[in-house]
Amino acid sequence: MIKSLLLILLAALLNSCSPEKPTQETAQAPVGPAKPPVADDSTVLAHLDSLTQAVVQHRSLPALQKLDSVACISDGYVTEAVDVAATSIWDSQFTFLVNYLYQHPKSLLRPQLIWGLSANMYTADNRARALAAFRATALDSARRAGLSSAEMVFLQKILSEVNPARLD
């Protein structure tokens, strides 16, 4: 059972479920060759972590596309790992991620990001205050980064969907 799930996961890493191609070229770090099929959870999580680090450290578009592919088929612990990966990328490569999601409106990484961001605020003492501060900070960062008007509208849609009450 786990071997078949892992084979599906690895196949998806090679074929993104998002049919669109990126419209903006970005400096890319090598992601390495496709990994052979594996049989344990720690190896899968380590691979997801390496993809996340490639995006965070090198703005690797291929790594982000592979994470997006995983989001298409993830379940259980892999879904949670993708949620964490998406929020890590949000925290360190905010504009890169927003630009990617804007260019790929059908990306399944978006709902995972929203879930992960919501989960981050779930344990806040005052969720409403934490959510308001989060939204204000994100919008301020977007303005300083020079996001276009259309990207700002898109960002506001994402921010409106972040809600820690989703986890209640």
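All of these numbers come straight from a predicted model, not from anything done at the bench.
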Item to complete: Check Leu97 against Ala86 and note the closest heavy-atom contact, atom names and distance.
Response: CD2-O, 3.7 Å
Practice prompt. Would you indicate whether the side-chain heavy atoms of Phe154 and Leu147 approach each other to under 4.5 Å?
Written response: no
Fill in: Heavy-atom closest contact (Gly116 atom, Thr87 atom, distance)
C-CG2, 3.3 Å
Worksheet item: About how many Å separate CD of Gln156 and CD of Glu151, when rounded to the nearest 0.5 Å?
Response: 12.5 Å
Worksheet item: For the residue pair Asp83 and Gln112, what are the closest heavy atoms and their distance?
Response: OD1-NE2, 2.7 Å
Worksheet item: Using a distance-only test with no angle check, is there a side-chain donor-acceptor pair under 3.5 angstrom linking Thr43 and Asp40?
Response: yes
Worksheet, complete the sentence: In short, Ala71 meets Val82 closest at the heavy-atom pair CB-CG1, 4.1 Å
Worksheet item: Heavy-atom distance under 4.5 Å between the side chains of Lys157 and Met152, does that happen here?
Response: no
Worksheet item: Could Arg127 and Asp168 be called an ion pair, given the rule that one side-chain N must be under 4.0 Å from one carboxylate O?
Response: yes
Discussion item. Checking Ser118 against Asn163: is there a side-chain donor and acceptor pair closer than 3.5 Å?
Written reply: no
Worksheet, complete the sentence: Taken to the nearest 0.5 Å, the spacing of Arg166 CZ from Ile114 CD1 works out to 6.0 Å
Item to complete: Would you mind reporting whether Glu161 and Arg110 have side-chain heavy atoms less than 4.5 Å apart?
Response: yes
Worksheet entry | Pairwise distance CG(Leu108) to CG(Leu113) - rounded to 0.5 angstrom | 12.5 Å
Worksheet item: Say you draw a straight line from CZ of Phe94 to OG1 of Thr137; how long is it, rounded to the nearest 0.5 Å?
Response: 10.0 Å
Worksheet entry | Any side-chain heavy-atom pair of Trp115 and Thr79 under 4.5 Å | no
Item to complete: Return yes if some donor-acceptor pair links the side-chain N/O of Gln93 with the main-chain N/O of Val56 below 3.5 Å, else return no.
Response: yes
Discussion item. For a quick test of reading the model, state the closest non-hydrogen atom pair linking Ser60 to Val55 and the distance between them.
Written reply: O-CG2, 3.6 Å
Worksheet entry | Any donor-acceptor pair under 3.5 Å from Asn99 side chain to Thr95 backbone | yes
Discussion item. To the closest 0.5 Å, what do you measure between CG (Asn126) and CE (Met121)?
Written reply: 12.5 Å
Worksheet item: With no hydrogens and no angle check, is any side-chain donor or acceptor of Arg135 less than 3.5 Å from a backbone partner on Val162?
Response: yes
Worksheet item: Backbone N or O of Leu109 within a donor-acceptor pair of the Asp68 side chain at under 3.5 Å?
Response: yes
Practice prompt. Supply the atom-to-atom distance Tyr100 OH to Leu61 CG, rounded to the nearest 0.5 angstrom.
Written response: 7.0 Å
